[in-house]
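Working notes for the structure below.
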Amino acid sequence: MADPKKLYIKTYGCQMNVYDSERMAEALGGAGYVETKTPDDADMILLNTCHIREKAAEKIYSELGRMRPFKEAKPDLKIGVAGCVAQAEGEEIMRRQPLVDLVVGPQSYHRLPEMEAKTQEGLKALDTEFPAEDKFDTLRHRAKAKRAPTAFLTVQEGCDKFCAFCVVPYTRGAEVSRPPSRIIEEARELVARGVREITLLGQNVNAYHGAGEGGDWSLARLIWALNDVDGLERIRFTTSHPNDMTDDLIEAHGTCEKLMPYLHLPVQSGSDKILKRMNRSHTAESYLRVIERIRAARPDIVLSGDFIVGFPEETEEDFQATLDLVNEVKYGYAYSFKYSTRPGTPAAERPLVDEDEATERLYRLQAVITDHQRAIQDAMIGRTVKVLFEKPGRDAGQMVGKSEYLHAVHVTDSDLLPGQIAEVKIIGSGRNSLSGQLLRSCSL
Ligand code: 5AD
Ligand code: SF4
């Protein structure tokens, strides 16, 4: 038998892309590929791109330029571009960079084996359509010998919100939810392979409305159904829009045993003027009321958020309103970005804030966020948390896992195994992680 062909995937961007890269590797596994960790010995290189950051397309073109020596050394090498840049640029990629053999949008990954076959005939393969069929079904998981104890499970894709700065509604298309029966089946398969924690994924995950028994299911209903899956210990979901935090979902945070006390709820800005221009359809006040209700349901919840600074026409006063909101919410984690223009989005038409001013605001915001993050981490010292251990740490005998609150926790105990959940007393708080002492093992 011929040696398997080698596939190297470079993943950019969000968790959705990490998940998609795994599915692509599985789809191409059926076409005889095994994954390799370096591009040097690859027979196919796939760049799974993200369009959300500044000059994303330009960066991909330079990265493709750097692939030339690989292609020269191995003329049979196939080079592909997947993800949101593929969706946005389409044919233009092959026009600008002729060494690209394959361009595939996020809705077409299940067609990868056919597309690969086409490239083997020396043809170019392009697919950036939004098909009507359910790509999730075609991209079924294939059994993997070994599984991490945590997994992502996509439940919804796309977004109908059209925030003025965002490309997702254009690159990922309209919001589509998978039927709950398929998600539950897939969760059971993951659990059978050793997964104990599932993060439900979607660009606007809490807008989930999958067609199930008795009509459309909300995300909360889906979470309750997953709560009944034996062997599944933890459920998380990301990313949510504040306006889709429905009563049943907020309530689930207080009552659903397996739903973890952590919520990523982006607000983007604390200024109502900017929020309106961002087309966020919520105000700072309405966001704060949602947070208040979530905290009433689950007082110890750790919150995280996304922020954009230097959105067109943001004044110092608008930025102050963002700082005020951050100081009121006190996020356990937060991701902050300097606004970058996405051609084709409504915000791209608006006058920009001075670059240096925006950079300075970003640093100021990040300093405040870091203070809260540290305080919340430090307050964990002395508390007992349950840690799901994932992998060995850097030091000998060390294991690293995540607490209920998504804090990374490391413990030195050579008997711990990945997949084990154990009670840990927190004894130290470092830059990005906590350290703890094992109290007792809860379950294997
Ligand atoms: N500029 C800067 N940040 C952006 N994000 C999305 N689009 C842009 C943009 N054009 C950020 C938002 C979003 C996160 C995933 O990326 O904060 O929540
Ligand atoms: Fe983009 Fe999120 Fe707004 Fe949807 S809700 S348009 S994904 S920022």
Side-chain angles (χ1 to χ4, degrees), residues 11-19 49-59 83-85 87-88 106 154-177 199 201-209 219 237-245 263-271 274-282 286-287 290 303-314 318-319 322 325-326 329 331 333-353 355 357-359 361-362 365-366 369:
T11 308
Y12 301 80
C14 64
Q15 282 146 342
M16 187 72 97
N17 269 12
V18 174
Y19 175 90
T49 62
C50 169
H51 203 239
I52 233 154
R53 297 284 162 268
E54 199 166 15
K55 301 194 181 76
E58 286 314 311
K59 283 180 187 153
C84 294
V85 173
Q87 185 66 44
T154 295
V155 303
Q156 128 355 289
E157 253 201 285
C159 183
D160 296 336
K161 293 279 189 291
F162 289 92
C163 298
F165 51 80
C166 182
V167 283
V168 166
Y170 310 99
T171 56
R172 294 276 173 161
E175 202 273 300
V176 182
S177 293
T199 301
L201 268 191
Q203 264 101 20
N204 188 182
V205 74
N206 58 345
Y208 177 83
H209 57 92
L219 184 67
F237 60 90
T238 196
T239 291
S240 298
H241 190 285
N243 289 5
D244 293 318
M245 284 308 296
L263 177 68
H264 183 60
L265 198 60
V267 63
Q268 315 296 356
S269 169
S271 150
I274 295 296
L275 286 169
K276 200 166 168 51
R277 292 184 186 183
M278 285 178 165
N279 193 31
R280 287 288 295 179
S281 52
H282 60 76
S286 70
Y287 176 85
V290 172
L303 296 160
S304 74
D306 287 344
F307 294 88
I308 297 179
V309 301
F311 184 80
E313 298 159 291
E314 181 190 71
D318 295 319
F319 176 66
T322 299
L325 183 140
V326 170
V329 175
Y331 294 90
Y333 307 81
Y335 306 88
S336 43
F337 313 100
K338 199 158 60 166
Y339 171 75
S340 70
T341 305
R342 297 275 76 95
T345 56
E349 313 296 318
R350 315 292 306 175
L352 289 172
V353 167
E355 176 82 24
E357 183 74 44
T359 306
R361 285 180 197 164
L362 183 68
L365 175 63
Q366 285 176 344
I369 288 169

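For the numbers below, each heavy atom of this structure counts, side chains included, while hydrogens, waters and symmetry mates do not. Just so you know, ligand 1 is whichever comes first in the structure, and atom 1 is the first atom listed for that ligand.
Of the charged side-chain nitrogens involved, at least one lies within less than 4.0 Å of a carboxylate oxygen, so that Glu314 and Arg361 count as a salt-bridged pair.
Aromatic ring centres of Tyr208 and Phe237 lie farther apart than the 6.0 Å criterion allows. Aromatic pair His264/Tyr335: ring centres closer than 6.0 Å. Centroid-to-centroid, the aromatic rings of Tyr331 and Phe307 come within less than 6.0 Å.
Pocket lining of ligand 1, defined as residues with a non-hydrogen atom under 4.0 Å away: Ile52, Arg53, Phe165, Gln268, Asp306, Ile308, Phe337, Lys338, Tyr339, Ser340, Arg342.
Scored by the salt bridge (Lys or Arg N to Asp or Glu O under 4.0 Å) test, Glu58 finds Arg96 as partners (sequence neighbours excluded). Taking Glu313 as the reference, Arg277, Arg350 meet the salt bridge (Lys or Arg N to Asp or Glu O under 4.0 Å) condition, with sequence neighbours excluded.
A donor atom on one side chain and an acceptor atom on the other are not found under 3.5 Å apart for Gln156 and Thr154.
How far CD1 of Ile308 is from CD1 of Ile274: 10.5 Å, rounded to the nearest 0.5 Å. Taking OG of Ser271 as the reference point, atom CG of Asp318 lies at 3.5 Å (rounded to 0.5 Å).
Take atom 3 (Fe) of ligand 2 and draw a sphere of radius 2.8 Å; the protein N/O/S atoms inside it number 1.
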